[in-house]
Amino acid sequence: EIDKANLIERLAREQERLNVILSNLPAGIIIVDDNEQLVFSNSSARSVLGNNDFKQFFSISETLKGNTVQDKEVVITVDDKPRYFSVNTVLIFDEETDTHLAVINFIDISRRKKEEQELKSAQENLNVALEAARMGVWDLNLETGRLRRSHRYDQLLGFEALPADADINASFGNVLEEDKELLAHAFAEMPKTGKMNIEFRVYHNNSIRWISVFGRAFYNANGEPVQAAGVSFDVTDRKVSDNHKDEFIAIASHELKTPI
């Protein structure tokens with residue numbers, strides 16, 4: 001009898017500790033029985049839900065059927081402002097009451113959502129600026145060789161669209177043979193020098209275009225190169241203009257040196 005009393009007392013203490021932990025978690029937690037009646041809610045849940053009916057936000061009936069939810073986003077209005085929450089549910093069986101219980105926990109992800117939206121907006125603005133400047137962007141993982149790039153990058157290098165898994169060498173397919181070694185060397189040296197600035201020629205649609213590529217290497221905490229990124233753009237008009245200027249200067253210089 002003494003052991004049984006001690007056991008009951010220990011269980012009561014553990015239950016109290018569990019309730020304290022659940023009550024003070026930053027995540028909202030509610031527990032609902034198989035009649036969809038609220039059994040437990042912690043302070044975080046009550047502060048979010050207020051007088052709202054929890055059933056309108058969470059898939060209670062589905063959870064009680066065994067169809068649990070993982071990382072589902074829901075919007076709940078709190079203090080007249082919409083807030084985003086990530087919801088997870090699980091179904092458990094309470095042997096003491098011989099009932100199933102739906103346990104729902106939800107975490108406020110409003111800050112993360114705001115940052116994601118700001119990042120998306122910034123990316124869209126960047127894409128508009130790059131498109132206006134007719135620039136391509138690229139990102140190279142120096143450890144795996146994986147190349148990520150924009151559609152404009154592919155077009156600048158003479159492709160309508162490269163395969164998604166194309167590596168850096170595949171993107172050099174339309175580069176003039178006499179420029180390929182120079183370009184490959186520039187990319188190979190970039191992890192050592194930290195940057196790259198090179199101009200090369202691409203043959204596409206029966207014409208030759210001059211392409212300029214700027215790049216920069218990024219390093220981990222040990223000083224090892226792990227990533228490289230940069231931009232590319234067409235400089236054909238400038239190269240043609242420079243050639244005309246050089247020709248004019250050469251002709252003018254010759255004329256000045258030739259006696260009248």
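The residues of the chain are indexed from 1 along the displayed sequence.
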Search all heavy atoms of Ser232 against all heavy atoms of Ile211 and return the closest pair with its distance.
CB-CG2, 4.4 Å
side-chain hydrogen bond (donor to acceptor under 3.5 Å, both in side chains) partners of Ser150, counting only residues at least two apart:
none
Beyond-backbone contact of Leu182 with Ile198, side-chain heavy atoms, under 4.5 angstrom
yes
To the nearest 0.5 Å, atom OG of Ser59 lies from atom CG of Asn67 at 9.0 Å
Partners of His100 by ring pair (Phe, Tyr, Trp, His ring centres under 6.0 Å), sequence neighbours excluded?
Phe93
With Phe214, which residues qualify under ring pair (Phe, Tyr, Trp, His ring centres under 6.0 Å), at least two apart?
Phe233
Is the shortest distance from a Lys or Arg side-chain nitrogen in Lys120 or Glu115 to a carboxylate oxygen in the other one below 4.0 Å?
no
Listed by chain and number, what are the ring pair (Phe, Tyr, Trp, His ring centres under 6.0 Å) partners of Phe58, not counting sequence neighbours?
Phe106
What do the steps show when you test Asp33 against Gln37 for side-chain hydrogen bond (donor to acceptor under 3.5 Å, both in side chains), and what is the final call?
CA-CA 5 Å; Asp33 64 20; Gln37 297 300 308; 5.7 Å; no
Is any side-chain heavy atom of Ser212 less than 4.5 Å from a side-chain heavy atom of Asn197?
yes
Are any non-hydrogen side-chain atoms of Asp234 and Leu156 less than 4.5 angstrom apart?
yes
Once salt bridge (charged side-chain N to carboxylate O under 4.0 Å, His left out) is applied, do any residues pair with Asp94, and if so which ones, sequence neighbours excluded?
none
Going from CG on Leu176 to CZ on Arg209, what distance comes out if it is rounded to the nearest 0.5 angstrom?
13.5 Å
Do Asn141 and Gln227 have side chains that approach each other closer than 4.5 Å (heavy atoms only, starting at C-beta)?
yes
Would you indicate whether the side-chain heavy atoms of Leu49 and Phe57 approach each other to under 4.5 Å?
yes
Tell me, do Ser171 and Leu147 make a side-chain contact under 4.5 Å, heavy atoms counted?
yes
Within a strict 4.5 Å, meaning less than it, do heavy atoms of the Val103 and Thr89 side chains meet?
no
I want to check something: taking the side chain as every heavy atom from C-beta on, are Val32 and Phe54 in contact at a cut-off of under 4.5 Å?
yes
Take atom CG in Asp79; do more than 12 heavy atoms of anything else shown fall under 6.0 Å from it?
no
CD1-OG distance between Ile30 and Ser44, expressed to the nearest 0.5 angstrom
12.5 Å
Tyr84 meets the ring pair (Phe, Tyr, Trp, His ring centres under 6.0 Å) criterion, sequence neighbours left out, with none
Using the rule that Ile, Leu, Val, Met, Phe, Trp and Tyr join whenever any side-chain heavy atoms are under 4.5 Å apart, tell me whether Val231 and Met196 fall into a single cluster.
no
Asp139/Arg149 ion pair, N-O < 4.0 Å
no
Ring pair (Phe, Tyr, Trp, His ring centres under 6.0 Å) partner of Phe172, chosen from Tyr203, Phe187, Phe159, Phe200
Phe187
